[in-house]
Student: 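For reference, the structure I am asking about is given below.
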2 protein chains.
Amino acid sequence: MEYRERILRFIEEIKTSCLPSVSMDFVVFGFHEGQLKVLLLKWQGVDTWMLPGGRVRMDENMEDAAYRSLRERTGLAEVFLQQFHTFGNVIRNTYYAMEETRTKLGFSAEDFEGLPHRDISVGFYALVEYTKVNPTPGLELALDPFTEQIQWCNVEEVPQLLFDHNEMIQVALKTLRRQLSYQPIGYTLLPDQFTMPQLQQLYETILGQRLDRRNFQKRMLSYGILERGEKFQNGGAYKAPYLYRFDREKYQQALAEERLLVV
Amino acid sequence: MEYRERILRFIEEIKTSCLPSVSMDFVVFGFHEGQLKVLLLKWQGVDTWMLPGGRVRMDENMEDAAYRSLRERTGLAEVFLQQFHTFGNVIRNTYYAMEETRTKLGFSAEDFEGLPHRDISVGFYALVEYTKVNPTPGLELALDPFTEQIQWCNVEEVPQLLFDHNEMIQVALKTLRRQLSYQPIGYTLLPDQFTMPQLQQLYETILGQRLDRRNFQKRMLSYGILERGEKFQNGGAYKAPYLYRFDREKYQQALAEERLLVV
DNA sequence: CATCGTTGTGTATATTTAACACAATGATAC
DNA sequence: GTATCATTGTGTTAAATATACACAACGATG
């Protein structure tokens, strides 16, 4: 199918099969080499980054739509996904790049007619295991003919984004910090097995503050949600740390009872 | 203006000047005689209660729309208002009473054509001072020609409501409890002056548990956000309690620093 | 003027949180 | 081989906080 044709079909699909004036935006967090990362994408013809988004089909639950969108982007079926805020300001769309994009791609105003000019956007944050993610540009899947590039970016180094997406990331981060004690942050951001220092680094990165190594370990073990495994030697000139994995059942139970307060 | 005419105008207004497929619902909390109350309303021709709702105008920020809707309903300009969750399930609308209402009122399907058949609804909870509220049925204001009755109901005695509104109240309550320590719950639900037992009763009602009288007082005073006034005698056979009022500035500061943990 | 329910304040105890010290490990340099 | 170094695992102590509880003061009532 030709490129122009694909875009026209895409627009037609949005107009006919998706809820008008409602969109979703995703703040996808990953953790790699001691850094908290977020997934960003770029539209073809626009040189500013933005968050991945999605739309809700007419007969689709919003939560299902969110999982679907994220699966299409990351290839992950099992992720932690949660709405954190709904953004409804008119000025959200002040820096809308749709017009710019349209012009650059050589489409007429009529081609894009009927698309909503203003959206309410439901913000979701997702916690995914960095190594398992396969960022997929929409171009390859025909799911979004605008998306050219998609890649991870350190949370501290996020550039100026389109729309209110910078604010979205900040609100998502704030929510993440607040929910650290009653959401399964650990086993959705870390690989199956991990060391205590890794776990601590994750918490420190999210909270943005140092924690006492000894008290942290004591506390984590006291929750009774960790299983200790073998020792792990990665070649450093130091004592080998133990590998741990989460006891999912006990973790869930502790979360339900909100016993995992950290700070 | 005739009744039928008013409804047709109302529908036309929604279709032309409000965002399609987005609505708002409000869980309005008040506190009176030791009871947490919530504002419910009834449509004409339907004998099931529901939550007050609203819509966002095309050129209006969603938050502004929420304040406007609530002002129209309660007559209050200054309320604490905050979104707590966005509801997007399709089955939300399974028990939709719109059709039923339409038939009972003698309107044809064409009259109601073009109205969205499925909404995403942003849930807000509001904290208002019970005595200052003047519940206003839409009929009197032409703001909502369906609403016949509006009144307070004890949170524990809420009947089966339309749509997913019972769930909404539960989620709002959960959020309220969780945010008790970093939101200005106190001075939005209580009158300007209040006694310590009143304040405690409020906290106990929201949290759904008893608190130690002495420790509660000690803690509240330790925050340094209360100003003690005169003694207050309401005629009971007991020692007169002091009246307090909040030092708004210090309260705000304590909230910002999240120092008001209660349980 | 004794009684009763309620309010204000204090104090002792238990629990939790925070601060800190030391031994063990395993690669590296000499 | 052995000393060095960064890092890990565990314990101990002091401070802060939360909890439990006791008593005196007040003001209407009979």
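Heavy-atom basis, side chains included; hydrogens, waters and symmetry copies ignored. In the text below, chain A, chain B and the rest are named by the order of the sequence lines, each starting its count at 1.
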Student: How about Y223(A) and Y251(A): are their ring centroids closer than 6.0 Å?
Tutor: no

Student: Using whole Å, what does the distance between atom P of nucleotide dG9(D) and atom CD of Q198(A) come to?
Tutor: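 About 12 Å, once rounded to whole Å.
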
Student: Output every pair passing salt bridge (charged side-chain N to carboxylate O under 4.0 Å, His left out) with a member in residues 193-208 of chain B, not counting sequence neighbours, ordered by first then second residue.
Tutor: E204(B)-R210(B)

Student: Could you tell me how far apart R210(B) (CZ) and dA20(D) (C1') are, to the nearest whole angstrom?
Tutor: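 After rounding, the reported distance stands at 16 Å.
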
Student: Base contacts versus sugar-phosphate-only contacts with protein, heavy atoms under 4.0 Å: please encode nucleotides 8-13 of chain C as B, S and - from 5' to 3'.
Tutor: BBBB--

Student: Residues two or more places apart in sequence or in another chain: which of them pass side chain to side chain donor-acceptor pair (under 3.5 Å) with R248(A)?
Tutor: none

Student: Going by salt bridge (charged side-chain N to carboxylate O under 4.0 Å, His left out), name the residues that satisfy it together with K132(A), two or more places apart in sequence or in a different chain.
Tutor: E129(A)

Student: Check the distance between dA19(C)'s P and F216(A)'s CZ and give it to me in whole angstrom.
Tutor: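 Between P of dA19(C) and CZ of F216(A): 16 Å.
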
Student: Applying side chain to side chain donor-acceptor pair (under 3.5 Å), can you list everything that pairs with R71(A), at least two apart in sequence or on another chain?
Tutor: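 R71(A): no side chain to side chain donor-acceptor pair (under 3.5 Å) contacts found.
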
Student: If I take atom CZ in residue R219(A) and atom P in nucleotide dT10(D), what distance separates them, rounded to the nearest angstrom?
Tutor: 18 Å

Student: In whole angstrom, give the distance that lies between atom CE of M220(A) and atom C1' of dT10(D).
Tutor: 17 Å

Student: By the salt bridge (charged side-chain N to carboxylate O under 4.0 Å, His left out) test, which pairs, at least two apart or in different chains, include something from residues 191-202 of chain A?
Tutor: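 Pairs touching residues 191-202 of chain A that pass the test: D192(A)-R245(A).
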
